[in-house]
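A note on names: the letters A, B, ... follow the listed sequences, proteins ahead of strands, and every chain is numbered from 1. Because the structure is a prediction, the values reported are computed rather than measured.
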2 protein chains.
Amino acid sequence: MGRKNRAVTGKGAKSAPASRPTIKDVAEKCGVHPSTVSRALSPVMSHLVAPEVAERIRTAAATLGYQPNVTAAGLRTGRSGLIGVLAPDISDPGFPPILSGVTETLNAAGYATIVADVGPDPSRERELVDKLIARGVDGLVLATVVLNDPVVGHCLAASIPVVLVNRSDSGRRLPAVVTDDEAGMRLAVDHLVALGHRRIGHIAGPQDVSTGALRRAGFRAAAARAGLPAQNILIETARAYTRDEGRLAALRLLDRKQAATAIVAANDLLALGIYDALGERGLKCPADLSVVGHNDMPYVDMLSPPLTTVRIAQRQMGEAVARLLLARIADPSTRRERIVLEPILIVRGSTASPGDRE
Amino acid sequence: MGRKNRAVTGKGAKSAPASRPTIKDVAEKCGVHPSTVSRALSPVMSHLVAPEVAERIRTAAATLGYQPNVTAAGLRTGRSGLIGVLAPDISDPGFPPILSGVTETLNAAGYATIVADVGPDPSRERELVDKLIARGVDGLVLATVVLNDPVVGHCLAASIPVVLVNRSDSGRRLPAVVTDDEAGMRLAVDHLVALGHRRIGHIAGPQDVSTGALRRAGFRAAAARAGLPAQNILIETARAYTRDEGRLAALRLLDRKQAATAIVAANDLLALGIYDALGERGLKCPADLSVVGHNDMPYVDMLSPPLTTVRIAQRQMGEAVARLLLARIADPSTRRERIVLEPILIVRGSTASPGDRE
DNA sequence: ACCCTTTATGCAATCGATTGCAACGCCCTC
DNA sequence: GAGGGCGTTGCAATCGATTGCATAAAGGGT
């Protein structure tokens, strides 16, 4: 038995505080029942206990350094105060701002977040969701779903509050906060067309994620709307949102018979890959090729040349999705909401008129 | 009573699985006692139950989709399987690689991590530590401690396994994984001296964190060892590891009567600030000034010019600190260990010989 | 054949906090 | 002065899993 509680300090049993005081210790010290302590310390129940008793309990709790055991409370109430967050890749510089917005908003509401990095193997997603549910999370934020993701149905079946951020599922069966991907591409294309570009390439992201598919469709639509003939719309699809896949796709695009004068990348990491490819081919940006990124991830203003890119409000997305989740937790029957944030174009040095040798 | 369990699906009580099955459900289905189920499903206790019964239980658990309630188990065993990680700032691009190494190693050992972002207000640190302890974390990873941090004593008093990463406390009272900050500065200074620099500046980090103080001391020592006279060693101290503080410190340094021909920054974010300051003053790097960073955070190879910097093995640090923590949890009496990783210099385009106009 | 060991399972307490219900005492009213 | 009501507090069950101990069944030895 009790090899755990009350670590014996020396030999004499003088005063062995050791492990954290429990509600019982506070109750004994005050000569009241534990339930009274519980009520006194709960903002919503404290009206049930006499003010002076409550005060006595509060000071006793403070002097003992009592902190309620969240695990025990969680077992009883069925709420853990934990939110699970599934990230595609923590090391992707685009993610921390979202995460930051999520955790800050949730912390303010008394929740802690468990962040799980799914990584390249998508089958881990389901596994991680199950692990998080087993940990009793009160809700999930998924930044990882692909179109037609089976995990969506799984979450629905588990009837646990779930919200999506940045990406959405094809059926739109879950509430989500996303940016207007198509509008973002329109900003990029219109900017290039205004500069005089007539042959524009696109490096699309993976087509199984909503941003990849929507941005590609958005690019096509924007280019057509700008009056570019179909043969002047060049598209290569990257297999992942990574710098290296961007480089490979850019090389494919550059090797086409009729090269584009500008490339719009589906995200900034892919744009970095374009820079790499340009270096390999001995081409200069923006003199030989204009480049537009997407996301405005940190420090792309420091690149050479500074990257023109479509800025999405990542921190705001994080905050919005957290609020959405809190609303769902408070009332799971709330209408499935979908918040679409408008991106803006940040013009920097990577775009110029074609043939404009500065 | 049960407003929680078994959400009623329709009217007929035909089959209402709804909320997750408990160990009791599995036991009933198998006609055994819950304790037998518990034993059968525990790798360490399963030898106590007959192999065929264990097998039956396992399949029943699988078909029911049973996952043990971690909260309940945690309450009983006193272990939560949670590790708290305190980060100075998740949005700092230097941190994700460390975090990635930590979480991956801990996940492999069955732990989940709660990441808390302390932010600029250091008093939140203590508060967050208490919150994490109240959540029953089995251990803490602190990437936030300052020299003489009161939180160190607090953790020691709470007798909870704690390890430090990247930074250490002044008394070295806690196990830590750090890099050899002084060696890193020696690499940087020696490189610049070899290029012919004789007046070298340093933008130091905050002096209340170990990296800031050690790197400054390391810089001084390396410069003296290289034979630079004291008046040729110029130091400005930044108030925080941010791009903007770096910019301000760089401007102060550039305004000195006798300007340096090279600056070593205490970290890459500060180096970014130097780039900004150079832009403001119309100076070119490396022609007018060589710059060396520290940390080799992601994508500094894409800057213009690509940043010469001291690379620290951040991912490895994360992995090492996780292993250290696991060892402490397994046996809290293990000797307080301190792991020092050796940095290497990555030479890129931001350093050149003084007066070398390419 | 009997007893003693070994093996497998059941029983019940426990972790710490929460909460519906019961009970107590007090005050007010008629 | 008795009864009703309200404001406080205590009691005990509960959440779900774990584990020391008890017990039952099976096996082995003489």
Side-chain angles (χ1 to χ4, degrees), chain A residues 1-6 18-28 30-57 61 64-81 133-136 138, chain B residues 1-7 18-57 61 64-81 133-136 138:
Chain A
M1 54 209 57
R3 60 147 168 33
K4 181 175 127 282
N5 220 10
R6 318 221 153 276
S19 58
R20 301 180 22 234
T22 74
I23 199 171
K24 246 187 201 160
D25 299 321
V26 180
E28 266 171 38
C30 292
V32 298
H33 195 268
S35 60
T36 306
V37 175
S38 172
R39 285 188 272 252
L41 264 30
S42 151
V44 46
M45 289 294 173
S46 62
H47 71 101
L48 291 175
V49 28
E52 64 274 13
V53 178
E55 191 46 38
R56 192 153 47 89
I57 290 174
L64 283 177
Y66 168 72
Q67 301 241 151
N69 181 323
V70 182
T71 306
L75 179 59
R76 175 65 224 254
T77 62
R79 272 165 291 111
S80 63
I133 292 179
R135 279 200 181 278
D138 296 335
Chain B
M1 54 208 60
R3 63 146 166 33
K4 180 175 129 280
N5 221 8
R6 319 224 151 276
S19 58
R20 303 185 13 239
T22 74
I23 200 171
K24 247 187 201 161
D25 299 321
V26 180
E28 264 170 39
K29 173 155 180 170
C30 292
V32 298
H33 194 268
S35 61
T36 306
V37 175
S38 172
R39 284 188 272 253
L41 264 31
S42 151
V44 47
M45 287 295 172
S46 63
H47 70 102
L48 290 175
V49 29
E52 64 274 14
V53 177
E55 190 48 37
R56 193 154 47 90
I57 290 174
L64 284 177
Y66 169 72
Q67 300 241 152
N69 180 323
V70 182
T71 305
L75 179 58
R76 174 65 225 251
T77 61
R79 273 165 290 112
S80 64
I133 291 179
R135 278 200 183 279
D138 296 335

**Student:** Could you check how far NE2 of B:His47 sits from C1' of D:dT19, rounded to whole Å?
**Tutor:**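 Interatomic distance, NE2 of B:His47 to C1' of D:dT19: 12 Å.
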**Student:** Using whole Å, report how far CG of A:Leu48 lies from C1' of D:dT9.
**Tutor:** 10 Å
**Student:** If you find the nucleotide of DNA chain C closest to B:Ala72 and the one closest to B:Ser35, which residue's nucleotide is nearer the 5' end?
**Tutor:**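 Result: B:Ser35.
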**Student:** Atom CG of B:Asp138 to atom C1' of C:dC15: distance rounded to whole Å?
**Tutor:**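 These atoms are roughly 15 Å apart.
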**Student:** Between C:dG16 atom C1' and A:Arg79 atom CZ, what is the distance in whole Å?
**Tutor:** 16 Å
**Student:** If I take atom NE2 in residue B:His33 and atom P in nucleotide D:dA24, what distance separates them, rounded to the nearest angstrom?
**Tutor:**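 Taking NE2 of B:His33 and P of D:dA24, I get 15 Å after rounding.
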**Student:** Test for a donor-acceptor pair under 3.5 Å between the base of C:dG16 and the side chain of B:Arg76, counting only N and O atoms.
**Tutor:** no
**Student:** Assess whether one donor atom and one acceptor atom, taken from the side chain of A:Arg20 and the base of C:dG16, lie less than 3.5 Å apart.
**Tutor:**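 Result: no qualifying N/O pair found.
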**Student:** Between A:Arg135 (CZ) and D:dA17 (P), how many Å, whole number?
**Tutor:** 14 Å
**Student:** Could you tell me the separation between the CZ atom of B:Arg39 and the P atom of D:dG20, rounded to a whole number of Å?
**Tutor:**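 Result: 10 Å.
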**Student:** Taking the side chain of B:Ala73 as its heavy atoms from C-beta onward, which of D:dG16, D:dT18, C:dG10 lies nearest to it?
**Tutor:** D:dT18
**Student:** Give one of base, sugar-phosphate or nothing for B:Val37, where a contact means two heavy atoms less than 4.0 Å apart.
**Tutor:** nothing
**Student:** Between atom CG in A:Leu75 and atom P in D:dT18, what is the gap in whole Å?
**Tutor:**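 In whole Å, D:dT18 P lies 12 Å from A:Leu75 CG.
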